[in-house]
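Notes follow once the structure below has been shown.
These numbers come from the heavy atoms of this one structure, side chains and all, not from hydrogens, waters or symmetry mates. Residue numbers start from 1 in every chain, and the chains themselves are labelled A, B, ... in the order their sequence lines are given, proteins ahead of strands.
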Amino acid sequence: MPVHNEEVAAIFDEMADLLAIQDANPFRVRAYHNAARSIRGLGKDLNKMLEEGEDLTRLPGIGKDLAAKIAEILITGHTKALDKLHQEVPATLEALLKIPGLGPKRVKSLYRNLHIKTLKQLENAARRGRIQQLPGFGAKTEQRILESIAAHRSSERRFLHHVARQYGEPLVAYLKEVHGVKEVVIAGSYRRGKETVGDLDILATTREDSPVMEQFVGYDEVDEVVSKGSTRATVFLRSGLQVDLRVVAQNSFGAALHYFTGNKAHNIQIRRLGQQRGLKINEYGVFRVKDGKRVNGKTEASVFKAVGLPFIPPELRHGRGEIEAAQAGHLPQLVTLADLQGDLHVHSHASDGNASIEQMALAARQHGLKYIAISDHSKSLRIAHGLDENRLAQQIEEIDRLNERLDGITILKGSEVDILEDGRLDFPEGMLAQLDLVIGAVHSKFRLSRRQQTRRILRAMDSKYFSILAHPSARLLEERDPIDADMPRIIEAARERGCFLEINSQPQRLDLTDTYCQLAREQGVLLSINSDGHSTHCFDLLYGGINQARRGWLEKEDVLTTRSLQELRKQLKSTMG
DNA sequence: GCCGTTTTCGGCCCGACTGTTTTCAGTCG
């Protein structure tokens, strides 16, 4: 049973937490967290790297010691270092750290003084008023602990980017109307285009007399004010979405925007670069260390320039090599929404869509697209009224008639064909041969073993008619975990067979994920950014696929659906051939 | 525990807010 990257990362995070409770050197604690983050950002399977004899110490944040621990975990499934920690510190204490307001120091105090090891014990002690008697704790802290435990179930909830946008944009518009407010921008993971966000970080610049803080906490969707100072406030909206507002002066806008767009790893790297140049970088600007003089910070570009870098797009700021690429002049020219020429995964009311083929085609044309492929479900997906051979044959004729009649948009004949459990496709070859493209998709048997699932998909891709693997991980954000499959192997197979992978733009899918997009790009596998649309509004969702692609370092050239119809046909033909 | 065109030792990003204090530790992002 192989251990996967995520499990290694989780072990390091746990070790960091337990070490922190033990009062270990904070930098050592951080080293473990850094290593965990570094591993999560890998596009490659650690097992494979080990097999191929790659030097793990070349990974950022991994040195000799942690490389040895990684090898130990991969081979034995655990590490003696964590086993030892568990003997010294109860593993359950880690859960206490998740309570807002409880960090390692307080958890340690609770454990040492009140022998609290579990959430239940914590709750009981708080109820009996025993916590406020501890030094460093008070009545308010105790009350907050009780409230947090009550809300614990929802505390880890993340919001889809698409949903956060629906709350965030009206709030931004509202803040812009407040007296003395100049700029208002949503920064943070939202600006980096992440598929889900834990909260919204809003940055505003104002004149000094602006009542923006009062107006912010008085917004009629605010349910709870967590904290409020003169430059920073945190609230919860009724929807449960947490929103942080930070206010800075206009001339700090660039520095603050950079600072609050993050992520942490990126910011730390930028500051280190600053340090090397005798500069201190914070949210207020770039300062010379020797005399404290402010030298930059009005625009984001000026912050980058101060450390000798070109502007790095927000979607790349994850501390995963973008700074090194910028230094080397190798930053990608990221694909944009305007580069898209078509959409190869569109449904009609023949299966589970709610518009006719013509309506979908006209909506696509309206959106500036030059072609779409109608790719309705195949017969096995009964719940979505999948098409059988007869209905698909009729649809092909309908598309021929429409193409004769419609100008400015071309409709391709496709099908989203179920990949059956054994890897067969849901239509016979004779049927597939009549299509312009075949999109293979997993819609069932999500819980096969890694070995079976991988073999299933590879076998489907063996079909000479297979064009694109739809939503490769089959995940549904906040709802269903990704299938367990060897994605690097699948990407390799796509390269060998000349197939493509989809970036599905549905807000809940956003699949392929960013790190695998990056791997596909490195392997020369083109990605097809598709809406998987079911209504005429679906083309608005393509922005999500673009976000995903940009976080995966993709350029226009790396995306199949930026091709002209003529070039696309050539690409598809070489697959079919 | 990691890292290094100043270093193999001695650094490690930095500031705001809260609560419990009476000048600051702890937590958070």
Between the protein and nucleotides 18-20 of chain B, list the N/O to N/O atom pairs that are separated by less than 3.5 angstrom.
| from | atom 1 | to | atom 2 | distance (Å) |
| --- | --- | --- | --- | --- |
| B:dT18 | OP1 | A:Lys228 | N | 2.7 |
| B:dG19 | O3' | A:Thr141 | OG1 | 3.3 |
| B:dT20 | OP1 | A:Gly138 | N | 2.4 |
| B:dT20 | OP1 | A:Gly138 | O | 3.2 |
| B:dT20 | OP1 | A:Ala139 | N | 3.3 |
| B:dT20 | OP1 | A:Thr141 | OG1 | 3.2 |

What is the distance from CD of A:Gln269 to C1' of B:dC12, rounded to the nearest Å?
-> 14 Å
Any idea which heavy atoms bring A:Ala36 and A:Ala9 closest together, and the distance?
-> CB-O, 3.4 Å
For B:dG11, the Watson-Crick or wobble counterpart (both distances under 3.5 Å) = B:dC2
Check whether the side chain of A:Tyr259 and the base of B:dG29 form a donor-acceptor pair under 3.5 Å.
-> yes
Nucleotide of B:dT27, B:dG1, B:dG29 approaching A:Phe27 most closely (side-chain heavy atoms) | B:dG1
Rounding to a whole Å, what distance do you find between A:Leu273:CG and B:dC12:P?
-> 15 Å
Can you say whether the rings of A:His258 and A:His266 are parallel (under 30°), tilted (30 to 60°) or perpendicular (over 60°)?
-> tilted
Ring geometry between A:Tyr32 and A:Phe12 (parallel below 30°, tilted from 30 to 60°, perpendicular above 60°) = perpendicular
Is it possible for you to check whether A:Arg294 lies under 6.0 Å from the centre of the six-membered ring of A:Tyr284, through NZ or CZ, and within 45° of that ring's axis?
-> no
A:Ala474 and A:Ile483 have their tightest heavy-atom pair at CB-CG2, 4.0 Å
Determine the Euclidean distance between corresponding C1' atoms of B:dT21 and B:dG26; express it in Å to zero decimal places.
-> 12 Å
Just how far, in rounded Å, is C1' of B:dC17 from CG of A:Asp244?
-> 11 Å
A:Arg277 CZ - B:dT5 C1' separation (whole Å) = 13 Å
A:Phe311 six-ring face occupied by A:Arg317 cation (under 6.0 Å, within 45°) | yes
Presence of donor-acceptor pair under 3.5 Å, side chain of A:Asn34 and base of B:dG1 | no
Can you check whether A:Arg232 has a side-chain N or O nearer than 4.0 Å to OP1 or OP2 of B:dA16?
-> no
When every non-hydrogen atom of A:Thr205 is compared with those of A:Ala249, the smallest separation belongs to CG2-O, 4.0 Å
At under 4.0 Å between heavy atoms, what does A:Lys280 touch on the DNA or RNA strands: base, sugar-phosphate, or nothing?
-> sugar-phosphate
Closest to the side chain of A:Asp201, out of B:dG29, B:dC2, B:dG15, is B:dG29
State whether A:Asn282 places a side-chain N or O below 4.0 Å from either non-bridging phosphate oxygen (OP1 or OP2) of B:dC14.
-> no
What does A:Asn25 touch in the nucleic acid at a heavy-atom separation under 4.0 angstrom: a base, only the sugar-phosphate, or nothing?
-> base
Taking atom C1' of B:dC12 as reference, at what distance in whole Å does atom NE2 of A:His33 sit?
-> 15 Å
What is the nucleic acid contact for A:Ser230, judged by heavy atoms within less than 4.0 Å: base, sugar-phosphate only, or nothing?
-> sugar-phosphate
Whole-Å distance, A:Gln327 CD to B:dT5 P, equals 11 Å
Give a yes or no answer on whether the side chain of A:Asn5 reaches the backbone of A:Leu46 with a donor-acceptor pair at less than 3.5 Å.
-> yes
Considering only the P atoms, how many Å lie between B:dG29 and B:dT23, rounded to the nearest integer?
-> 29 Å
In whole angstrom, give the distance that lies between atom NE2 of A:His266 and atom C1' of B:dG29.
-> 16 Å
Checking all strands, does A:Arg246 fall into the base, sugar-phosphate, or nothing category for heavy-atom contacts under 4.0 angstrom?
-> sugar-phosphate
Separation of B:dG26 P from A:Lys105 NZ (nearest whole Å) = 5 Å
What nucleotide, of B:dC12, B:dG15, B:dC2, holds the atom closest to the side chain of A:Glu283?
-> B:dG15
Can you name the closest pair of heavy atoms from A:Lys280 and A:Val289 and give their distance?
-> N-CG2, 3.9 Å
Starting at the 5' end of DNA chain B, which residue's closest nucleotide do you reach first, A:Ile281 or A:Gln276?
-> A:Gln276
On DNA chain B, nearest-nucleotide positions of A:Asp199 versus A:Tyr284: which is more 5'?
-> A:Tyr284
Counting any heavy atom closer than 4.0 Å, what does A:Leu102 reach on the DNA or RNA strands: base, sugar-phosphate only, or nothing?
-> sugar-phosphate
